[in-house]
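Bear in mind the structure is a predicted one, so any value in this text is a computation, not a measurement. Below, chain A is the first sequence line, B the second, and so on; all start at residue 1.
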Amino acid sequence: MSATTDTDYLHSMRHSSAHILATAVMRLWPEARLGVGPVVENGFYYDIDIPGVTVSEDDFEAIEAEMKKVIAEKQEFIKSTKSIAEALSWSKNNKQVYKEELLNDLKRAGTTVAKDLDPETLGMSSEESRVSEVTFYTNGDFTDLCRGPHVESTDKVGAFKLMRIAGAYWRGKDTNPQMQRLYGVAFATEKELRIYLEMLEEARKRDHRKLGAELDLFVFSDLVGQGLPLWTPRGTALKNELDRFVQELRDEVGFEQVSIPHITKKELYEASGHWAKFKDELFRITTREGHEFAMKPMNCPHHTQIYASQPRSYRDLPIRYRDTTMVYRDEQSGELGGLSRVRGITQDDAHIFCRTGQVQQEVLKLWDIIEAFYMTTGFTELSYRLSTHDPERMDGYSGEPAKWNETVEQLENILKSKVDTNYYVGVGEAAFYGPKIDFMAKDAIGREHQVATIQLDFNQPEGFKLSCTNEQGEEERIVMLHCAVMGSQERFLSVYIEHTAGKFPVWCAPEQIRLLSVNQEDTTLYFVESLRQQGKKLGLRITADNSNESVGKKIRASEMSKVPYTIVVGEKEIATSEVTPRIRSDMQVQEAVAMKIENFLKSVANEAASRTTHSSM
RNA sequence: GCCGACAUAGCUCAGUGGUCAGAGCGGCUGUUUUGUAAACAGCGGGUCGUGGGUUCAAAUCCCUCUGUCGGCUCCA
């Protein structure tokens, strides 16, 4: 058997590892109550609840030792079938209250009522629940409600490692009690496990929070507050350069920049529908006269008011507004982390007001912008999600189901025309006002991140009565498209920093060239300064390190700051006006090693302007 | 928000009930005038995150708050 290549078998290995974990836990804490123990990406977990006991990572050694014993015992996994009644008495006898709850749901409703937990996770298929029978697996003296499949015996599980412990709500509902979730990773071989752990180590090294501090891009302050990053000059340069690129792409297809205040009367959000759905997540402000305002959590309602400020002819459409600006959302404190999730979010937002018949052409233009941006930033692998409403739970969405189906179809046709079947449908992932196409980018170490989005909105035009006068002189309802290319700039930067490991291409690097003086003599310092001025004139971000340190040390500092070009300036350069720049190792090797300084600076400036130096990742 | 862990100098960390709390790097000053990844010396720098409690004695034990991390829940 080729255990290492068979993904189904790997799935079984991981699932069996979860059972071995549970076996070990039950041996160490016989009073433990078990929740569910499914396979997840790269491993498995098991939810446990031990009355009066909090398991900690210090217990991992003992648990892993016990797991190894179970493995050494080569216990066979034996499948059996029980009726619901038998299963219930089993759960009662073993004081497995969580299993009992699942079984009771099955008995009462004939299915697991909780939509939020996949029946497969619980170890039973819907067919099985209909026939009121469930399967069990037994290894040694441990028996568990489980659909399987498993490996033949406990010694066939491969390599695993317990990773962490975390709280998790029973059945994923925040009104339920919390259990302790023990996470493990598992692979067919020790080698694959080691490779995975090395990948984690690599991810840790390029963590944007670490690099953000090391490269002096952004900071947080306890006084300012959680989730409110402060951008340093270097970080701001990077962020602005990326935004400038997006806006140039947009302007080529007719976008116009607008700008809006950051607060608004609450009436705006009552009309847009946001108040009803998100009022608890708004930062709210009461004026001294008692009027209620809110920090804007999004920009589209403001933009609608620019559109609505005058009568529009069909001849004016599409009208395209762009606006890179911050929105504010009172996210729960526990959700915040680095730049990935913040309370002040910079969106490179854009809205198109157009007729229904113009949707396709406009979406395709947006698609091109997104593609150009992500190819240039070195995310060469994009994937696509059609985010739709959930027909079975329409209470969270505005508008008629028929209209939803129509708009979903409209977006789906565009997706098909662009990528054939290379997309997936995210049911229930739509915005409350309309379906969207979400873009996912794969980073340099294989992780996927949601980035850009194109959203089709027929609800806000309705709420704000947005229309144009058509060819027949009638008022015609229009639709809106929402599009963010970076999405949240903070989140994009978190992904981009980790993708590049801080080695930004020349065009957006916070510092493009660093000049290093070999000594402190006046002639050297004067020459360095004149080079810096020349570079500035060419629009380069160029700095000078004139400190009284060894050249070796200054080079090291420049390397660690990941500056693309480092130029040592001393007698030789002054005499010949030629430089041999030190080029950051990930970049393409330049053909000319020694170049006239003037030409070199010009060539860097051109390179920066043309955005041709992609990330090498 | 919930569960758990954590918080010592600008950074990385040592110190777990007992004299004035330590190291390396960074910073500053001096010497040196340096040639492609760390010259040498000296000097600063911390009411041990905050507020309370236990104790003869707290960085060390307990509680509160703030923040960070790992998850859960949420995500326009």
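Rounded to a whole angstrom, the distance from the C1' atom of B/G51 to that of B/U66 is 11 Å. Rounded to whole Å, the C1' atom of B/G70 lies 49 Å from the corresponding atom of B/U32. The same atom, P, is picked in B/A7 and in B/G17; the two are 16 Å apart, to the nearest Å. As rounded to the nearest Å, B/U8 and B/G22 have C1' atoms that lie 10 Å from one another. For the C1' atoms, the distance from B/U50 to B/C11 is 22 Å, rounded to whole Å. Spacing between B/A9 and B/G46 at atom C1', rounded to whole Å, works out to 5 Å. Across the C1' atoms, B/C43 and B/U47 are found 22 Å apart, a figure rounded to whole Å. Atom C1' of B/G24 sits at a distance of 23 Å from the matching atom of B/C20, rounded to the whole Å.
OP1 or OP2 of B/A39 sits under 4.0 Å from a side-chain N or O of A/Ser550. For B/G70, one of the phosphate oxygens OP1 or OP2 lies less than 4.0 angstrom from a side-chain nitrogen or oxygen of A/Arg209. Between A/Gln226 and B/G67 there is a side-chain polar atom (N or O) within less than 4.0 angstrom of OP1 or OP2.
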Criterion side chain to side chain donor-acceptor pair (under 3.5 Å) on A/Thr232 and A/Arg234, from CA distance to verdict: CA-CA 5 Å; A/Thr232 64; A/Arg234 297 171 61 94; over 6 Å; no
Pair A/Arg204-A/Glu201, salt bridge (Lys or Arg N to Asp or Glu O under 4.0 Å): steps then yes or no: CA-CA 5 Å; A/Arg204 204 186 57 75; A/Glu201 177 60 21; 2.9 Å; yes
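Remark: C1' of B/G4 and CD of A/Gln180 are 7 Å apart, rounded to the nearest angstrom. The separation between A/Glu214 atom CD and B/C11 atom C1' is 9 Å, rounded to whole Å. Straight-line distance from the NZ atom of A/Lys562 to the P atom of B/A37: 17 Å, rounded to whole Å. With rounding to whole Å, A/Asp222 atom CG is found 10 Å from B/U50 atom C1'. Here B/A39 presents its P atom at 11 Å from NZ of A/Lys554, a figure rounded to the nearest Å. Across the protein-nucleic acid pair, A/Leu516 atom CG and B/A37 atom P stand 11 Å apart, rounded to whole Å. The CZ-P distance, from A/Arg204 to B/C69, rounds to 14 Å in whole Å. The separation between A/Leu228 atom CG and B/U66 atom P is 15 Å, rounded to whole Å.
Taking the side chain as every heavy atom from C-beta outward, A/Thr543 and A/Val563 never approach each other to under 4.5 Å. Using a 4.5 Å heavy-atom cutoff, the side chains of A/Glu57 and A/Arg164 are in contact. Between A/Glu362 and A/Arg320 the shortest side-chain heavy-atom distance falls below 4.5 Å.
Atom CD of A/Gln455 is separated from atom CD1 of A/Ile437 by 10.5 Å, given to the nearest 0.5 angstrom. In this structure, the separation between CG on A/Leu540 and CG on A/Leu601 is 6.5 Å, given to the nearest 0.5 Å.
Remark: the A/Thr325 side chain and the A/Lys296 side chain contain an N/O donor-acceptor pair separated by less than 3.5 Å.
Pair check for B/U32 finds none; no Watson-Crick or G-U wobble contact set falls under 3.5 Å. The nucleotide B/A38 finds no pairing partner, because no Watson-Crick or G-U wobble arrangement with both distances shorter than 3.5 Å includes it. Both distances falling under 3.5 Å, in either a Watson-Crick or a G-U wobble arrangement, occur for no nucleotide opposite B/C75. Pair check for B/G46 finds none; no Watson-Crick or G-U wobble contact set falls under 3.5 Å. Shown here, B/G24 forms a base pair with B/C11; the pair counts as Watson-Crick or G-U wobble because both key distances fall under 3.5 Å. Nucleotide B/A58 forms a pair with no other nucleotide shown, judged by Watson-Crick or G-U wobble geometry with both contacts under 3.5 Å. Pair assignment for B/G4 gives B/C69, based on Watson-Crick or G-U wobble hydrogen-bonding distances that are each under 3.5 Å. Pair check for B/U16 finds none; no Watson-Crick or G-U wobble contact set falls under 3.5 Å.
Around the CD atom of A/Glu198, the shell of radius 6.0 Å holds more than 12 heavy atoms that belong to other residues, nucleotides or ligands.
Looking at which nucleotide of RNA chain B each of A/Gly338 and A/Val551 is closest to, the 5′-most match is held by A/Val551. Each of A/Gln520 and A/Arg343 has a nearest nucleotide on RNA chain B; the 5'-most of these lies closest to A/Arg343.
One finds no salt bridge joining A/Lys554 and A/Glu549 here, because no Lys/Arg side-chain nitrogen approaches an Asp/Glu carboxylate oxygen to under 4.0 Å.
Residue contacts shown for A/Glu521 are limited to sugar-phosphate atoms, with no base heavy atom under 4.0 Å away. Contact annotation for A/Glu573: base contact, defined as any heavy-atom pair under 4.0 Å involving a base atom. Among the protein residues, A/Lys572 comes within range of the nucleic acid bases, having at least one heavy atom under 4.0 Å from a base atom. Across all strands, A/Ser272 comes closer than 4.0 Å to no nucleic acid atom at all (heavy-atom distances).
Here the nucleotide nearest the side chain of A/Met560, chosen from B/A37, B/U32, B/G35, is B/A37.
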Contact letters for nucleotides 71-76 of chain B, in which S counts primed atoms plus P, OP1 and OP2 and B counts the base, heavy atoms under 4.0 Å: BBBBBB
